[in-house]
Every structure is written in structure tokens, then in C-alpha cells.
Amino acid sequence: HTETSFGVAFLDLDHFKEVNDVHGHNAGDLLLQQAVERIKNRIRASDTAARLGGDEFILLLVDMPVQEMAARLTSILRDLSQVFTILDKPVHVSGSAGLAVFPTDGTDFDTLLKHADMAMYQAKAAGRNTIQLFNTEMATALRSKYQLESVLRSAIDSKEFSVVYQPQVDLKDGRLVGMEALLRLNSKELGVIGPDQFIPVAEDTGLIYSIGEWVLEQVGMQLAKWCALGIQDFTVAVNLSAKQFWNQNFVDKIRDLVLRHGLPAHMLELELTERIAMGDAERAIGKMQALRELGVRLSIDDFGTGYSSLAYLRWMPVNVLKIDKSFVNDIGSDPDDEIICRSIINLGLGLGLTVLAEGVETKEQANFLREAGCHLAQGYLYSRPVPPLEAQLWLRPAEIA
Ligand code: C2E
Ligand code: CA
Ligand code: CA
């Protein structure tokens, strides 16, 4: 199909907010300038690239077949994922793009733009650094960023959020050692929406501050309840966004949470992603140390997917390394991923860390991991994330029953 047409693409930089949060706005501005150059290099003079504000760009691609539009966008994303040098520091971002094409996806500019935006959000949800073509199911299935934003704004007050808990077990004996708290959104208006879809919007809009605080508060209350029942020998891990972690008051907030609920601090674990930790490793380490001094535990989430600096990892005061589920998933089918799992386990062991594999779904995966020396596992093989009362059954099956 080589018919030419014109298309509207919506392009958004992934993790750009983190660049601002970690390196400062000046660095953010420099990065945008360089990003614009890379984008311009891939389009023709007859096309248009415009910045919508923030880290959002619109591209108008004229007089070319859809395949060429997709190919150009793919090259742009590839270029954007190459390292940037900002103020002498290496900075990594990537881009997500959505494309809507005249006349199938819309016959006026506003509709095309709206649909390109929807497709872009789909691309983000699909794991970022990808392009997505608009399709009509999206219009109904995918709630636009704006709809989501308004739902998120009222979700705390209207009690549409909840926290579920997923057990983490010792691979040697199956004993429960902890749980991960995961946020759920059940909107009256839009139904159940996964965190992979709404967390990026919460981050973009700054709503993540209040949402993240709400999650910590729920976990604090829940931990206090469990402690009151005499259940104390486990940890609850909470996911953190970059913004939350870099927020000036974050350490004080955690101190306050622990004191207010009278928690044994070691029962609270905070999960940071490699990206948060490695963005500005030296400052991150300082902040992590302050948290460790409170007695809370720290883990590195999704390990293996970011751009870790192994040199810095040595200096990070973390307790747990979590192997990303994408590597665990292919144990038994992809020898490369098995090698990656083994290397991460050995790295963790070498650094004296506890190693946890997430997304464990089969006995084969569990066996492989156990034999490779991995300590802990979490995944559907043991349990899906469940509401607190159900999680409680895990803690004390005999006494509760
Ligand atoms: P994550 O931290 O990597 O969380 C693990 C995800 O894997 C969860 O998805 C969990 O339900 C899923 N999972 C667990 N076991 C298995 C398995 O055996 N197989 C498969 N295929 N998946 C499994 P969920 O709950 O949809 O969360 C997605 C992501 O959203 C989380 O990824 C985390 O990055 C983010 N998130 C969730 N809750 C919060 C929160 O309170 N705050 C922040 N900032 N992010 C959150
Ligand atoms: Ca996590
Ligand atoms: Ca993870």
C-alpha cells in the first residue's frame, strides 16, 4: 500500500520529568533543545515539528505512505534513545509516539491530534519507546489522558483507590517473608484501570505526590494493624516514583509515617527503580543513606531494565535486588534471559544483597532460580496481589482460621 496521505504524530519523551527532577530544569531545557535537533534531522523540510509545551511534540508528516510515516517515527525514537550529554553527564530518555492518519483516523486536525494523543498513551502503556497507530477500538477502550487525569483528581476522595498485597516467599522453604503493596484504581466512570496506565499520568500531572502519600499512609495503617495482631516478622514493600523520592521532604515524611504509626521501621521497604537511583547517583546515595538511618529497607525494582552503573550499585545502601519479570518470564525458553538472571543473582550475592525474582509463574522458573542461588520469589505461582484481609491469611493461617 503506497498511497500517500498525511499524518499527525504525537510524540512524548519518556522519563523526561525525571530528568528535570534529578538534574534540574536547566538540564531539562538543554535536553529538549538537543531532542528537537534529533527530531528535525529525521523529517523533511515540507514536514512540520512543533513543541506543544513540556516534553510533547506534534509532527505533521505530509504526502507520504503510512509505512514511511511509521519508519520515520521509528528512526526518531531510535535517535532519541541514544545517550544525550547534558552538562557533561550522560542522560538517557526515550520517546513514545502515536500516529493518526488522514482520512481514516479523522478528517479534521483536532480529531487527528486527539487520536494521535490516544495512540501515544497506548504506546506508553505498552512499555514506552514504541510507536502506536491509532485504531478505532482505542477511542472507546482507551481513556484519554484528560479523562484519566480528572478521574485521578477525585479518586482519593471518592474512595476509588485501594491497595492490594502480593506475597514474597523464601525459595528454600516457601515461607512468607514479605509483601509488595500495589495500587489499584476502580473508577466508577471508567472501570478498572491498571497502574501501568494511570501512574504515568499521575506522574505527568504531579498528582503522584498526593497519591503516593496516600499509598504510604494506607500501608502505614495496615502495618500498624498487623503489628497489633502480633504479626511482625515480615516486610511490606511500597513502590516509589522518582518525583516522590526526590521531593525535599521525603525523608521527613517517612520518619513521620513510622513514628505516627509506631512501626518497626525495618518492616517498611521502599522500592526504587534503577532509573531513580542512577539518575544522579551521588545525591541518590545520600538520600538513600538518610532513609536507611531511619531503619527502613530499600530495594532496587525492575533490576536489569535500566541503565545501571555497576560501580555505583556497590555504594548504594540497598537491601534487595529485584530481578525484573521480563527476564524471569523467559526462563526455560530463552537461554539469554537465563544468563541474565544468573548474572543478576551472582551480582547480588557478590554484593551481599538479598535477591528477589518477580513474576515467577511456574515451578520450572522457581527451580531454576533456587538452583541459581536466588533467595526470594514473588509471582502468580504463589499468589496474585490480594486485598489486605486475604493477605492476612498468609501471615498467620493457623491463628486467623
Ligand atoms: P512492579 O513494581 O514491577 O510490580 C509488579 C507487577 O507485576 C504488578 O503489576 C503485579 O501485579 C505484576 N505481577 C506480579 N506477579 C506476576 C506474575 O507472576 N506474572 C505477571 N505477568 N505479572 C505479575 P501491577 O500491579 O499492574 O503494577 C504495575 C506497575 O505499576 C508496578 O510494577 C509499579 O511500577 C507500578 N505501581 C503499582 N503500584 C504503585 C504505587 O503505589 N506507586 C507507584 N509509584 N507505582 C506503582
Ligand atoms: Ca515494584
Ligand atoms: Ca518490578
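In each ligand, atom 1 is the first atom listed, and ligand 1 is the first ligand listed. Bear in mind that the values here come from a model prediction, so they are computed numbers and not experimental data.
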Subject >> Polar side-chain atom of H15 near backbone of V93 as donor-acceptor pair, under 3.5 Å >> reply: no

Subject >> Atom indices of ligand 1, in the order listed, that fall short of 4.0 Å to a heavy atom of D301 >> reply: 2 (O)

**OP:** Can you sort out which atoms of ligand 1 are near E358, meaning under 4.0 Å from one of its heavy atoms?
**Re:** 3 (O)

Original post:
Going by the order shown, which atoms of ligand 1 are within less than 4.0 Å of some heavy atom of D196?
Top reply: 28 (C), 29 (C), 30 (O)

Subject >> Short N/O/S contact of E180 with the Ca ion (ligand 2) (below 3.0 Å) >> reply: yes

**OP:** Return a yes/no value for L183: is any of its N or O atoms, backbone included, closer than 3.5 angstrom to an N or O of ligand 1?
**Re:** yes

Subject >> Numbering as shown, the atoms of ligand 1 that approach E180 to under 4.0 Å (heavy-atom distance) >> reply: 2 (O), 4 (O)

**OP:** Return yes when at least one N/O/S atom of N239 is nearer than 3.0 Å to the Ca ion (ligand 2), and no when none is.
**Re:** yes

Original post:
Mind checking whether Q166 has an N or O less than 3.5 Å away from an N or O of ligand 1?
Top reply: yes

Subject >> Proximal atoms of ligand 1 relative to V215 (non-hydrogen, under 4.0 Å) >> reply: 41 (O)

Original post:
What N/O/S atom of D301 gets nearest to the Ca ion (ligand 2)?
Top reply: OD2

Subject >> Numbered atoms of ligand 1 (with element) below 4.0 Å of P385, judged on heavy atoms >> reply: 11 (O)

Original post:
Counting distance only, does the side-chain N/O of H375 pair as donor-acceptor with the main-chain N or O of V355 below 3.5 Å?
Top reply: yes

Original post:
Can you list the atoms of ligand 1 that are under 4.0 Å from a heavy atom of E361?
Top reply: 17 (C), 18 (O), 19 (N), 20 (C), 21 (N)

**OP:** Give the numbers and elements of all ligand 1 atoms closer than 4.0 Å to a heavy atom of D302.
**Re:** 3 (O)

Subject >> No-hydrogen, no-angle side-chain donor-acceptor test under 3.5 Å, N41 and R38 >> reply: no

Subject >> Flag, side chain of S96 to backbone of M120, donor-acceptor distance under 3.5 Å >> reply: no

**OP:** Consider ligand 1: state whether an atom of it lies below 4.0 angstrom from any non-hydrogen atom of G194.
**Re:** no

Original post:
Minimum heavy-atom separation for T235 to E269, with atom names?
Top reply: OG1-OE1, 4.0 Å

Subject >> Whether G212 lies under 4.0 Å from ligand 1, heavy atom >> reply: no

